[in-house]
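What follows is one structure encoded as structure tokens, with my remarks underneath.
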Amino acid sequence: MSDWEEEYDEDGVAIAGPSPVVSAQRTEWRPPSSFGSKGSVYLGGKFGVNEQRNESDWRNLRNQHGDTNPTDHLMCSDPDSGRGRRGGGSRSGTGRPVLLSVENSLIGRVIGRGGVKIRELQESSGARIKINRGDYEGEVLIFGSSDVQQKAKDMIEELISGSASGPRFNSGSERSGVRSKSCWPASSLQTSAGTATAPIDWTSIRENRQKYETMKWQDLPPLKKNFYIEAKSVASRSAEEVTAWRKENNNIFVDDLKEEDKRVIPNPVYTFQEAFDHYPGIMENIQRVGFQKPTPIQSQAWPIVLQGLDLIGIAQTGTGKTLSYLLPGFIHMDQQPVRRDKKSGPGMLVLTPTRELALQIEAECNKYSYKGFKSICVYGGGDRRAQIKMVTSGVDIVIATPGRLNDLQMNELINLRSITYLVLDEADRMLDMGFEPQIMKIILDIRPDRQTVMTSATWPAGVRRLARSYLKDPMMVYVGTLDLAAVNTVQQTVLFVQEEEKKAYVFDFIHNMEPLDKVLIFVGKKIVADDLSSDLCLRGVAVQSLHGDREQCDREEALQDFKDGRVRILVATDLASRGLDVHDITHVFNYDFPRNIEEYVHRVGRTGRAGRSGASVTLVTREDWRWAAELIHILERAGQEVPEELVLMAERYDKHQREKEMFPAKSRGGGGGGGGGGSRGARENGGGVWGRKEGRNRGESNWHF
Ligand code: AMP
């Protein structure tokens with residue numbers, strides 16, 4: 001199975017992730033407003049911003065954690081967020097570091113085997129160089145005087161451009177361009193240099209590719225995409241009214257990401273009627289399920305998607321994002337010029353990261369009986385044979401996890417050529433799970449003039465790249481603070497404990513539960529989920545557990561038991577942090593701190609749903625100090641009380657980080673944390689974890705490829 005509960009080291013780095021690329025913590029820092037100009041250079045990748053964005057007398061705050069550094073690692077956090085958090089001043093050298101963004105595949109050239117290259121670079125240039133790996137690209141930070149920075153930058157650029165097979169600044173022989181440490185005799189090197197092969201004719205390769213593409217798609221049936229008829233009431237809304245509406249509705253931000261000839265951003269619809277007046281079948285369904293009005297993302301997404309435009313929806317599960325693409329998708333499929341019975345395969349494909357989400361989307365899909373569309377859920381772990389049977393018997397909508405669908409595709413069991421409406425749901429999660437290669441293969445078989453909708457909870461570099469590759473001139477709807485608005489309804493308590501005290505805390509919590517309480521306990525590892533749930537069972541507590549090592553049927557049963565209230569305690573890994581739509585969870589108990597702060601918001605958002613209030617309890621140990629600043633930011637934005645201990649923790653971590661930068665050797669000896677950092681400065685700056693610049697609301701484009 002594709003298990004995304006892999007173990008993480010102290011830096012949130014997957015120790016054994018599905019992707020061969022070592023992924024750094026997903027929490028992203030926020031580039032400064034001057035990013036991309038002064039001091040930053042781009043090499044083979046690009047940065048931008050992403051964002052997102054008591055019970056209890058029984059609990060006593062404790063001041064148990066110390067400030068020794070729990071971890072040691074090579075990476076450092078960003079210069080600018082660090083600088084901001086520390087109230088100005090550079091970390092080392094004479095000014096701000098120069099920042100080079102480098103694709104991960106090239107970072108090895110800078111580091112060299114066992115760090116040889118980076119040491120050489122430092123010695124030769126006199127600069128201090130730090131590497132900060134990301135999911136797909138990393139940062140090289142160069143500290144020192146500007147001369148020294150320039151020298152190091154030139155050397156690194158040369159290394160990366162591949163013009164030097166070894167650093168020319170190293171020795172006399174290398175200066176002449178011959179690798180001194182080559183295992184080949186000089187004569188053979190000369191011989192091979194002499195037999196130069198003919199240059200590759202890229203123009204003809206490109207032309208051939210184009211010809212092949214044209215041939216591949218030449219006999220496609222015609223495609224219709226625009227089905228939007230703007231209601232008079234919508235068209236007549238003034239710009240001021242629309243701006244005010246967006247602000248009031250989760251601070252929605254809309255952007256046209258087309259590079260040139262920007263289009264008019266459609267006004268939001270306030271009612272279902274305004275969006276679907278011309279589609280009575282859709283209206284009947286909405287009346288049947290009894291929804292009162294569109295959610296903010298639906299209001300803004302429907303006019304865009306119904307026009308046939310590609311859309312990126314940055315929104316969490318729980319915002320109504322599924323319907324924002326499903327209903328226009330129904331209309332899209334129904335209104336195609338080619339009759340359904342003449343089509344050779346499905347018309348809509350929804351790719352989604354997990355089985356749970358796939359099943360949930362299917363359930364949502366099945367709530368609406370539009371024109372008899374048939375949907376099927378295709379996911380790893382499910383009955384493959386039954387899925388194949390369903391797929392081949394003719395379906396309209398396929399909801400699939402990328403791995404299983406790619407398997408069916410490779411075995412020619414599904415025809416994707418007929419798909420005209422593609423959804424990449426929770427794109428960030430799919431990338432986290434290493435599904436990019438499968439997504440790429442799947443999309444290769446889908447016609448390029450399709451309509452594509454992508455949703456993601458965050459907007460990191462990988463998702464931006466995915467969007468650039470697979471969407472055409474999209475518009476973006478960003479549901480700003482909804483995640484935080486959701487957690488605004490949750491009373492969040494943070495407790496400082498030692499690792500060995502955690503069980504006592506959770507038992508105490510359960511002991512004090514009211515009969516109607518329902519608690520979701522999050523743990524970091526599958527083994528902890530098993531351990532904790534069996535301990536609870538032994539104490540006679542009815543409990544279920546949910547994690548990736550359990551059989552699919554057991555997982556479904558666990559969830560159903562929890563939903564139906566047969567058990568009121570579910571111990572789960574982050575498999576349950578997103579997408580689970582259980583309305584009556586009263587408490588979220590973070591037994592282990594999540595592996596990044598975004599996950600914290602997802603977890604906490606499992607309670608306080610559908611207008612209810614909820615409470616969360618988070619156990620924080622000294623090992624979690626790297627998250628303190630970001631947690632403060634979340635608590636503050638959600639109007640929660642910030643424990644003084646957390647502020648002190650953030651400051652200690654910040655201090656430790658600065659010391660580590662100033663005295664790398666010393667702090668390496670003593671361990672050392674990584675990432676995060678900062679305290680008050682971060683908060684004053686609006687924090688960096690969500691990566692959303694406030695400037696976006698002022699109309700700055702965030703299409704940073
Ligand atoms: P989603 O974010 O798509 O996972 O949706 C979360 C829940 O909200 C689902 O149970 C939907 O059925 C429900 N929902 C979707 N749209 C609306 C709406 N306009 N009003 C009320 N509930 C909705």
Side-chain angles (χ1 to χ4, degrees), residues 52-53 245 249-250 252 268-276 279 282-303 305-306 311-330 348 350-370 375 377 397 399 423-430 453-458 477-487 489 559-560 562-564 575-585 601-603 605-612 614:
Q52 313 260 56
R53 331 189 245 223
W245 179 90
N249 282 271
N250 300 104
I252 276 200
V269 294
Y270 294 171
T271 62
F272 293 112
Q273 200 86 26
E274 285 180 340
F276 302 114
Y279 304 100
I282 298 278
M283 285 307 294
E284 271 165 34
N285 269 295
I286 289 167
Q287 272 144 20
R288 191 169 41 76
V289 291
F291 293 154
Q292 299 300 309
K293 63 171 190 156
T295 65
I297 189 161
Q298 291 164 358
S299 288
Q300 192 57 78
W302 282 335
V305 185
L306 283 169
L311 175 85
I312 298 165
I314 305 294
Q316 311 276 339
T317 298
T319 55
K321 68 179 172 63
T322 314
L323 272 199
S324 73
Y325 60 75
L326 271 188
L327 297 185
F330 290 157
M348 187 198 302
V350 182
L351 286 179
T352 190
T354 63
R355 301 160 232 195
E356 278 74 14
L357 274 175
L359 289 166
Q360 202 161 289
I361 295 166
E362 194 194 24
E364 192 72 4
C365 209
N366 291 341
K367 276 190 207 163
Y368 310 91
S369 53
Y370 193 67
S375 62
C377 210
I397 303 163
I399 302 150
V423 180
L424 303 172
D425 191 48
E426 302 232 350
D428 52 349
R429 179 60 95 190
M430 287 201 280
V453 176
M454 186 172 95
T455 78
S456 179
T458 56
V477 175
Y478 189 105
V479 183
T481 51
L482 194 64
D483 51 343
L484 294 174
V487 294
T489 59
L559 197 53
Q560 207 54 52
F562 189 56
K563 274 187 175 170
D564 298 345
L575 192 66
S577 74
R578 291 195 195 191
L580 283 198
D581 197 19
V582 181
H583 291 291
D584 57 348
I585 297 172
V601 176
H602 286 302
R603 287 179 176 189
R606 294 307 98 207
T607 177
R609 291 170 76 77
R612 292 180 170 89

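None of these values were measured; they are calculated from a predicted model. Both ligands and their constituent atoms are indexed starting at 1 by order of listing.
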- Message: Quick check: closest heavy atoms across Gln292 and Gly290, and the distance to 0.1 Å?
- Response: NE2-O, 3.3 Å
- Message: Taking 4.0 angstrom as the limit and counting only heavy atoms of Thr322, give me the atoms of ligand 1 inside it, by number and element.
- Response: 1 (P), 3 (O), 4 (O)
- Quick check: does Lys367 get an N/O under 3.5 Å from an N/O on ligand 1? yes
- Under 4.0 Å from one or more heavy atoms of Gly320, ligand 1 contributes atoms 1 (P), 2 (O), 3 (O), 5 (O), 15 (C)
- Item | Flag, side chain of Thr295 to backbone of Thr319, donor-acceptor distance under 3.5 Å | yes
- Task: Would you mind running through ligand 1 and noting each atom that sits below 4.0 Å from a heavy atom of Lys293?
- Result: 18 (C), 19 (N), 20 (N)
- Message: Please list, in number order, the atoms of ligand 1 under 4.0 Å from a heavy atom of Glu364.
- Response: 9 (C), 11 (C), 12 (O)
- Message: Taking NZ in Lys367 as the centre, count heavy atoms belonging to other residues, nucleotides or ligands within less than 6.0 Å. Is the count above 12?
- Response: yes
- Query: By number and element, which atoms of ligand 1 are closer than 4.0 Å to a non-hydrogen atom of Phe272?
  - Reply: 19 (N)
- Looking only at heavy atoms, is any part of Tyr325 under 4.0 Å from ligand 1, and if so is it the side chain, the backbone, or both, or is it neither? neither
- Can you list the atoms of ligand 1 that are under 4.0 Å from a heavy atom of Thr319? 2 (O)
- Item | Non-hydrogen atom of Gln292 closer than 4.0 Å to ligand 1 | no
- Task: Heavy atoms only: give me the nearest Phe276-Met283 pair and the separation to one decimal.
- Result: O-CG, 3.4 Å
- Glu426/Lys321 salt bridge by N-O under 4.0 Å criterion: yes
- Return yes if some donor-acceptor pair links the side-chain N/O of Gln298 with the main-chain N/O of Gly320 below 3.5 Å, else return no. yes
- Query: Just by distance, do the side chain of Trp302 and the backbone of Phe272 share a donor-acceptor pair under 3.5 Å?
  - Reply: no
- Item | Which of the ligand 1 atoms, numbered from 1, are nearer than 4.0 Å to a heavy atom of Thr295 | 17 (C), 18 (C), 19 (N)
